[in-house]
Amino acid sequence: MIYRVLSKERMYQAEELWNYCFEKKTEPFFRYYFEQYCGKDNMVIGGFDKVGEEEKLRTMLHVNPYMLRLRGQEMLVPYLVGIATAPEARGQHLLRPLLETAFEVLRSQGFPFVTLMPISAGIYLPYEFAYCYYRHEYKMPLAKLQIPAIGDDLSVERLDLASLLQAVTDEETQPCNPLADIYASVTAAWNGVPQRTAFQWRKLLSVVTQENVLCAVVYRAGKAVGYMLYSLTDGTFNLQELLTQDAAAKNRLLQYAAGHRSEAQEFCWLAEPWDKTYLGFEDQALTGRLQPFMMARCLDARLALAKLPVAESMSSGSVVVLLTDKMIERNNHLLQLRTSPGKLEAVSTLEQEEVTMDMGAFTQLYFGAFSASELWEAGHIKCSDVRKLQLLDELFPKCRTYNLSLIH
């Protein structure tokens, strides 16, 4: 098997494999992705077999770059999608060498982390991916969505996304994108959130307009204070993205959703993991559940530590940490982490480790999904002196980690 980055001339094979495994060529997203994005703004890595004089694509993954705001700083983190194997090559354990090739390429390009949205966590857990993003999932009859009003100074209007796309695409105008303003202000305090540039907004709007996604905006005194992207498909109101500046605006949009009982019977929403809408539900069976959403993996722990912001209130201290990686040999480290206000030194050492963790636990710690103490209590970190966990809790404070992902 030969692994390489696909050239433009080979991209038709990626289209054929995507058509077999995911969206079909006739679907809007497929047309957008391969006509406007794939091979231009991303990279595809594939494994090829030689069949006669021809090389056949047997397995592939797509590397789509996203700028995340991670612990207060912007970091370019590749998002792995389109991971697929042709049916004639399945059962040959091709995922590991494919991932190894991708990890080597991305490490050489200076990427500390990658993310993905798994179909099944069991596929990726052996390769030390770990869940770093969660959602609160609501599924209920739409008639049961009963939301109390908070204030009466709010109004809702539908926004034509096709017109908005045209406005943000017209280079001769200075477009007003109320969704972008709300997105930036609401997510400013969240961690791990993709930064939506003008390009990302055009990409998002290009896809959702083709997929018949609708938009409602809530206003207070004429100012937009929240929006909701949703679709009505097969009798279900799918709430795809809801961002508001306060609880009253959120409730007003949910009331708007509840008013669609003549168009839909079911309601589905993957909300923020800390969402508390369920507190007002009379039926406890409808309160929803916490659901794992996206995974991440560290490719270069030394580089990640070099990029880690450290608070000026950080205590002075040290802890010896053993970081293990079963796939990337150069990512195994025995480090003494020396902390002081606003500073971190990560120094190779031969001292006895005090804390041991694999790349999955390290990634969850860095992404702020869990504290070191929580991971130790769950058995995902080993520690010979639990007092050392306090230093790691301070160095890696737990965050409100969230990722809004609508498109590949």
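These numbers come from the heavy atoms of this one structure, side chains and all, not from hydrogens, waters or symmetry mates. Numbers for residues simply follow the sequence, beginning at 1.
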Surrounding [atom1] of [X] (heavy atoms of other residues, nucleotides or ligands, distance under 6.0 Å), is the total greater than 12?
X    : atom1 : value
L350 : CG    : no
E282 : CD    : no
K223 : NZ    : no
W376 : CH2   : no
K8   : NZ    : no
Y20  : OH    : no
K139 : NZ    : no

[Y] and [X] side chains, donor-acceptor separation under 3.5 Å:
X    : Y    : result
Y227 : E241 : yes
T236 : D234 : no
Y133 : N191 : no
H62  : Y79  : no
Q92  : R90  : no
R71  : Q73  : no
E354 : S384 : no
T187 : R400 : no

inquiry  = Using the rule side chain to side chain contact (heavy atoms under 4.5 Å, CB included), only one of E54, Q13, M60 pairs with F48; which is it?
reply    = Q13

L337, L305, L334 screened by side chain to side chain contact (heavy atoms under 4.5 Å, CB included) with V321, the one that passes =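 When side chain to side chain contact (heavy atoms under 4.5 Å, CB included) is applied between V321 and each of L337, L305, L334, only L337 qualifies.
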
Is a donor on one side and an acceptor on the other found under 3.5 Å between the side chain of [X] and the backbone of [Y]?
X    : Y    : result
N42  : G39  : yes
N332 : E329 : yes
D325 : M327 : yes
R252 : G226 : no
E272 : H136 : no
Q336 : S318 : no
D358 : A361 : yes

Indicate the atoms forming the closest heavy-atom contact of [X] with [Y], along with that distance.
X    : Y    : value
R135 : L404 : NH2-CA, 3.6 Å
P273 : L290 : CB-CD1, 3.7 Å
A369 : C132 : CB-O, 3.6 Å
L6   : G46  : CD1-N, 3.5 Å
L17  : A84  : CD2-O, 4.0 Å
D246 : A249 : OD1-N, 2.8 Å

Measure the acute angle between the ring planes of [X] and [Y], then classify it against the limits of 30° and 60° as parallel, tilted or perpendicular.
X    : Y    : value
F103 : F129 : tilted
H260 : Y256 : perpendicular
W269 : Y138 : parallel
W190 : Y402 : perpendicular

request  = Apply side-chain hydrogen bond (donor to acceptor under 3.5 Å, both in side chains) to the pair R289 and Q291, showing each step before the final yes or no.
outcome  = CA-CA 6 Å; R289 66 187 181 98; Q291 174 179 301; 3.2 Å; yes

Sidechain N-carboxylate O distance under 4.0 Å for K25, E16 = no

NZ/NE/NH1/NH2 to OD/OE distance under 4.0 Å, E345 and K343 =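 No, no charged N to carboxylate O under 4.0 Å.
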
inquiry  = Working note: Y124 + Y131, criterion side-chain hydrogen bond (donor to acceptor under 3.5 Å, both in side chains); need CA distance, chi angles, decisive distance, verdict.
reply    = CA-CA 10 Å; Y124 299 101; Y131 273 117; over 6 Å; no

query = Should the pair K203 and Y37 be classed as cation-pi, given the thresholds of under 6.0 Å to the six-membered ring centre and 45° from the axis?
reply =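 Relative to the ring axis of Y37, which defines the angle, K203 lies inside both limits.
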
message = Assess the residue pair Q195 and L68 against the criterion (side-chain contact (heavy atoms from CB on, under 4.5 Å)); give the C-alpha distance rounded to whole Å, side-chain angles, the decisive distance to 0.1 Å, and a yes or no.
response = CA-CA 6 Å; Q195 301 303 282; L68 302 184; over 6 Å; no

request  = With side-chain contact (heavy atoms from CB on, under 4.5 Å) as the test, would you mind laying out the steps for L57 and R10 before giving the verdict?
outcome  = CA-CA 9 Å; L57 180 67; R10 298 283 184 187; over 6 Å; no

